[in-house]
Amino acid sequence: MMALAWDRYEGQVELFPVATVEEIRAAKSLLSRYRRMQSVVEDIERNGLDGIAPKALARYNAYKLKLQRTDRAIRLIQNEEIRRMIELRYINGLSYTTTVERFYWHRSTVDRKINRGIEAVANTLQMWE
């Protein structure tokens with residue numbers, strides 16, 4: 001379910017949807033599973049689709065669509081630093097500690113920026129559902 005942001009000062013509804021807490025959690029879960037889904041898709045493509053079980057084919061198609069949408073949502077993150085953090089942490093699979101060390105900021109700053117990136121991904125994914 002998508003929520004629309006209400007601007008208290010102007011009394012207007014935002015043009016773009018704002019993800020709910022549940023949708024943000026789902027986006028974080030999706031990002032956390034990204035590398036596993038990518039591995040499954042690459043393995044199936046490497047070995048071919050011939051003779052694949054219908055359930056595996058359905059999973060392959062679902063994973064491929066989720067990966068494409070996730071990639072697009074990440075590319076649409078406007079802040080370059082936040083986009084890079086999301087890429088390093090979830091797409092490249094760097095550990096949290098290594099991601100923090102790549103940027104010379106306090107952990108809480110990195111946490112806040114990663115959370116903003118996850119929210120941006122969730123907000124963008126809502127436009128395509």
Side-chain angles (χ1 to χ4, degrees):
M1 172 129 208
M2 142 178 83
L4 293 177
W6 180 259
D7 185 342
R8 286 183 268 182
Y9 304 106
E10 297 296 325
Q12 297 179 4
V13 175
E14 294 250 351
L15 177 60
F16 298 105
V18 176
T20 64
V21 172
E22 286 300 317
E23 291 164 339
I24 293 168
R25 282 189 195 129
K28 184 174 183 176
S29 175
L30 178 65
L31 287 166
S32 296
R33 294 184 324 234
Y34 183 95
R35 289 179 54 81
R36 172 70 177 139
M37 290 189 300
Q38 184 69 37
S39 295
V40 169
V41 167
E42 288 172 357
D43 180 67
I44 290 173
E45 289 175 347
R46 191 172 33 255
N47 294 307
L49 296 172
D50 297 332
I52 192 169
K55 189 175 181 179
L57 182 59
R59 179 168 289 152
Y60 165 78
N61 289 327
Y63 281 4
K64 193 163 184 162
L65 180 62
K66 287 179 182 181
L67 290 169
Q68 289 170 344
R69 287 181 175 175
T70 303
D71 287 338
R72 283 180 64 194
I74 292 169
R75 282 193 306 269
L76 289 172
I77 295 173
Q78 297 297 302
N79 184 299
E80 188 175 328
E81 288 174 336
I82 292 174
R83 183 175 54 250
R84 188 72 184 129
M85 285 180 189
I86 294 296
E87 289 170 344
L88 289 172
R89 178 72 180 102
Y90 295 105
I91 307 307
N92 297 343
L94 268 59
S95 69
Y96 171 76
T97 303
T98 304
T99 303
V100 169
E101 290 171 355
R102 288 277 178 114
F103 298 89
Y104 300 103
W105 294 321
H106 192 272
R107 284 180 179 273
S108 62
T109 302
V110 174
D111 287 343
R112 189 174 64 252
K113 289 180 180 276
I114 287 174
N115 287 334
R116 283 187 189 159
I118 294 167
E119 287 177 25
V121 168
N123 290 338
T124 301
L125 290 174
Q126 294 315 301
M127 293 191 304
W128 299 325
E129 291 184 359

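- The shortest heavy-atom contact between Ala120 and Ile77 is CB-CG1, 4.0 Å.
- The two residues Ala19 and Asn123 have their closest heavy-atom pair at N-OD1, 2.6 Å.
- Once rounded to the nearest 0.5 Å, the distance linking CE of Met37 with CG of Leu67 reads 4.5 Å.
- Note: Arg107 CZ to Thr99 OG1 = 10.0 Å, rounded to the nearest 0.5 Å.
- A distance of 5.5 Å separates OG1 of Thr70 from CG of Leu125, quoted to the nearest 0.5 Å.
- Residues Asn79 and Arg116 form no side-chain contact, since every pair of their non-hydrogen atoms from C-beta on lies 4.5 Å or further apart.
- Residues Glu87 and Arg84 are paired through a salt bridge, judged by an N-O separation under 4.0 Å between the basic side chain and the carboxylate.
- Among all heavy-atom pairs drawn from Lys64 and Val41, the shortest one is N-CG2, 4.0 Å.
- Without hydrogens or angle criteria, Gln78 side chain to Leu76 main chain gives a donor-acceptor distance under 3.5 Å.
- Annotation: Arg33, atom CZ; neighbour count of heavy atoms from other residues, nucleotides and ligands within 6.0 Å is above 12.
- In this structure, Arg72 satisfies the cation-pi test against Trp128, with its NZ or CZ atom closer than 6.0 Å to the six-membered ring centre and inside 45 degrees of the ring normal.
- Put simply, CZ on Phe103 and CD on Glu101 are 12.0 Å apart, with the number rounded to the nearest 0.5 Å.
- One finds a salt bridge joining Arg25 and Glu22 here, because a Lys/Arg side-chain nitrogen approaches an Asp/Glu carboxylate oxygen to under 4.0 Å.
- Residues Ile74 and Leu31 are in side-chain contact: their nearest non-hydrogen atoms beyond the backbone lie under 4.5 Å apart.
- Side chains of Trp105 and Arg112 form no contact here, defined as non-hydrogen atoms less than 4.5 Å apart.
- The backbone N or O of Ser39 sits nowhere less than 3.5 Å from a side-chain atom of Asp43 that would complete a donor-acceptor pair.
- Contact check for Tyr60 versus Leu49: side-chain heavy atoms found under the 4.5 Å cut-off.
- Between Ala27 and Val121 the shortest heavy-atom distance is CB-CG1, 4.4 Å.
- The line from CG of Leu30 to CZ of Arg69 is 10.5 Å long, rounded to the nearest 0.5 Å.
- The distance from atom OH of Tyr90 to atom CD1 of Ile114, rounded to the nearest 0.5 Å, is 6.0 Å.
- In the hydrophobic cluster analysis, where Ile, Leu, Val, Met, Phe, Trp and Tyr join through side-chain heavy atoms closer than 4.5 angstrom, Leu57 is grouped apart from Leu65.
- Cluster annotation: Ile118 and Tyr96 are assigned to the same hydrophobic cluster (Ile/Leu/Val/Met/Phe/Trp/Tyr, side-chain heavy-atom contacts under 4.5 Å, transitive).
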